[in-house]
Amino acid sequence: MHCMKSGDKVIEQMRKEPANVRFSALFGVCETYFGKPRQQGGSHAIFKTPWPGDPRVNIQNDKGKAKAYQVRQVLLAIEKLENMK
């Protein structure tokens with residue numbers, strides 16, 4: 001994993017309770033792993049990933065919370081990124 005203490009706690013929370021993650025926390029994790037969003041407006045933020053195919057992660061703010069299925073997608077994308085190293 002990346003060297004980020006508070007981020008590790010957020011990722012642990014994401015794994016344990018994907019339905020109970022703050023959007024701002026998920027956004028921060030995405031910025032750490034994928035850089036600035038290539039698109040951000042309204043309730044969505046879209047991050048580019050470094051692999052071909054469907055190279056993006058899309059997250060959505062739902063009243064301050066992240067959507068559980070998107071949290072799981074981010075975890076899979078982080079795992080894929082780590083396996084590329």
Exercise for the section: Go through the steps for Gln73 and Val57 under the test side chain to side chain contact (heavy atoms under 4.5 Å, CB included), then give the verdict. Expected result: CA-CA 7 Å; Gln73 287 174 345; Val57 171; 5.6 Å; no
Practice task
Could you walk me through whether Glu82 and Tyr33 pass the side chain to side chain contact (heavy atoms under 4.5 Å, CB included) test, one step at a time?
Solution key: CA-CA 10 Å; Glu82 292 293 323; Tyr33 284 90; 3.4 Å; yes
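Considering every non-hydrogen atom in both Asp62 and Lys67, the closest pair reads OD2-NZ, 4.1 Å. Residues Met84 and Pro50 approach most closely at CE-O, 4.0 Å, considering heavy atoms.
In this structure, Gln70 CD and Asn61 CG are separated by 10.0 Å, a value rounded to the nearest 0.5 Å. Taking CZ from Arg72 and CG from Leu75, the interatomic distance works out to 9.5 Å, rounded to the nearest 0.5 Å.
Using a 4.5 Å cut-off on side-chain heavy atoms (C-beta onward), Lys65 and Val21 make no contact. Taking 4.5 Å as the limit, every side-chain heavy atom of Lys48 sits out of range of all side-chain heavy atoms of Arg56.
In this structure, Phe27 is a member of the same hydrophobic cluster as Ile78, with clusters built from ILVMFWY side-chain heavy atoms closer than 4.5 Å. Hydrophobic clustering (side-chain heavy atoms under 4.5 Å, transitive across Ile, Leu, Val, Met, Phe, Trp, Tyr) keeps Ile46 apart from Leu81.
Using cut-offs of 30° and 60° on the angle between ring planes, the pair Trp51 and Phe34 is perpendicular.
Each of Ile11, Asn20, Leu26, Val29 was scored for a side-chain contact (heavy atoms from CB on, under 4.5 Å) with Val71, with one residue passing: Leu26.
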